[in-house]
Number of protein chains: 2
Amino acid sequence: MRADAQRNYDHLVTTARAVFAEEGPDASLNEVARRAGVGPGTLYRHFPTREALLVAVFRERILTLCGQASEMTLAEWLRVFLVHAQTDGGLSATMASSSGLDCHALLRSAAGGLLAKAQEAGEVRADVEVDDLFQLITGLAQAPRAQRLLDLALEGVMR
Amino acid sequence: MRADAQRNYDHLVTTARAVFAEEGPDASLNEVARRAGVGPGTLYRHFPTREALLVAVFRERILTLCGQASEMTLAEWLRVFLVHAQTDGGLSATMASSSGLDCHALLRSAAGGLLAKAQEAGEVRADVEVDDLFQLITGLAQAPRAQRLLDLALEGVMR
DNA sequence: ACCTGAACACCGTTCAAGT
DNA sequence: ACCTGAACACCGTTCAAGT
């Protein structure tokens with residue numbers, strides 16, 4: 001990677017982080033390029049899809065989240081996960097993106113470990129799968145009062 | 001309402017129903033107008049927002065859903081609600097729209113009645129509110145395997 | 001009273017031309 | 001090898017001009 005290319009890449013990620021924070025994950029990519037001072041073509045070569053850019057922006061955050069798994073219970077970790085998924089909608093998109101395969105795998109193994117432990121302890125139903133949890137989190141993240149809804153889902157509406 | 005205006009209105013709703021079915025609730029409004037054979041301005045006067053058009057398109061469906069409430073349990077009705085919310089994403093948008101206030105009120109009273117009955121019977125936790133259910137449904141509707149997730153939320157992940 | 005459709009400011013995306 | 005930015009086809013939305 002040439003020096004100027006590397007510089008553009010980094011600057012695009014930084015700028016995109018700011019723009020996504022301001023305007024959400026649907027923010028205009030042209031504006032990201034504009035603010036970064038590059039042409040739209042430059043953005044598109046570095047990041048062929050919007051998801052690729054989202055993954056680059058949120059990768060660090062995801063890695064941190066995975067690192068925290070070992071110090072938490074499943075329920076605690078899911079709540080933190082939800083906070084991230086809520087504050088930047090990009091995290092949900094990242095989960096579905098093929099360019100975020102490594103992030104996805106890391107999250108999977110982090111969640112999988114916590115889930116297995118909880119199930120062995122009899123705290124969580126045996127038929128629950130990792131994908132159930134991911135899809136629950138990313139689905140609820142879009143809704144208002146998402147944390148309340150997560151509590152509801154964890155405890156169960158019926159009783 | 002003048003005769004031609006009424007005709008345009010009806011034709012727009014019919015066309016929009018087809019277009020939304022094909023391309024989802026984010027379909028181009030210009031294309032709806034194009035297919036209906038009217039100018040975009042005509043569409044915008046009849047339906048000042050996209051939500052207004054969505055409400056008009058799905059009103060009938062919502063009324064049916066409300067009518068079915070009396071013959072179902074809460075859990076059954078929520079599942080049917082979720083099917084609607086899944087197959088046309090417009091139903092979720094309708095819930096949030098101010099131009100769908102009457103639909104919203106109807107859904108509210110239908111769900112409220114079922115919820116109260118279930119709570120009196122001790123089948124549902126006393127602290128659950130109607131809004132919890134609405135937001136849960138509309139949130140989960142976006143996710144893959146939404147029905148599975150609803151079952152999970154009803155029964156509870158933890159156990 | 002209602003409709004038309006050109007017009008505006010935007011968007012995502014591509015690609016020839018430059019350095 | 002990488003960048004530029006004009007260009008294309010679209011979008012939502014508005015509004016003067018028509019009937």
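All heavy atoms count here, side chains included; hydrogens, waters and symmetry mates do not. Below, chains carry the letters A, B, ... as their sequence lines are ordered, and counting in each starts from 1.
In the set dG12(C), dG12(D), dC11(C), dG12(C) carries the atom at the smallest distance from any side-chain atom of Tyr44(A). For Asp4(A), the side-chain atoms get nearest to dC2(D) when compared with the rest of dC2(D), dA6(D), dG12(C). Distances were taken from every side-chain heavy atom of Pro40(B) (C-beta onward) to each of dG12(D), dA6(C), dT13(C); the shortest belongs to dA6(C). Distances were taken from every side-chain heavy atom of Thr42(B) (C-beta onward) to each of dC3(C), dT13(C), dT13(D); the shortest belongs to dC3(C).
Between Arg34(A) and dC10(C) there is no side-chain polar atom (N or O) within less than 4.0 angstrom of OP1 or OP2. When the side-chain nitrogen and oxygen atoms of Arg45(A) are compared with OP1 and OP2 of dC2(D), none of them lie within a distance under 4.0 Å. Regarding contacts with the backbone of dC2(C), every side-chain N or O of His46(B) stays at 4.0 angstrom or more from both OP1 and OP2. Listed pair Ser28(A) / dG12(C) meets the phosphate criterion, a side-chain N or O lying under 4.0 Å from OP1 or OP2.
Residue-level contact check: Ala27(A) touches the backbone only, with heavy atoms under 4.0 Å from sugar-phosphate atoms and none from bases.
Counting only distance, with no hydrogens or angles, the side chain of Arg50(A) and the backbone of Asp26(A) share a donor-acceptor pair below 3.5 Å.
As a whole-Å value, the separation of Leu43(B) CG from dG5(C) C1' is 14 Å. Atom CG of Asn8(A) and atom P of dG5(D) are 12 Å apart (whole Å). One can place CD of Glu31(A) at 10 Å from P of dC10(C), the figure rounded to the nearest angstrom.
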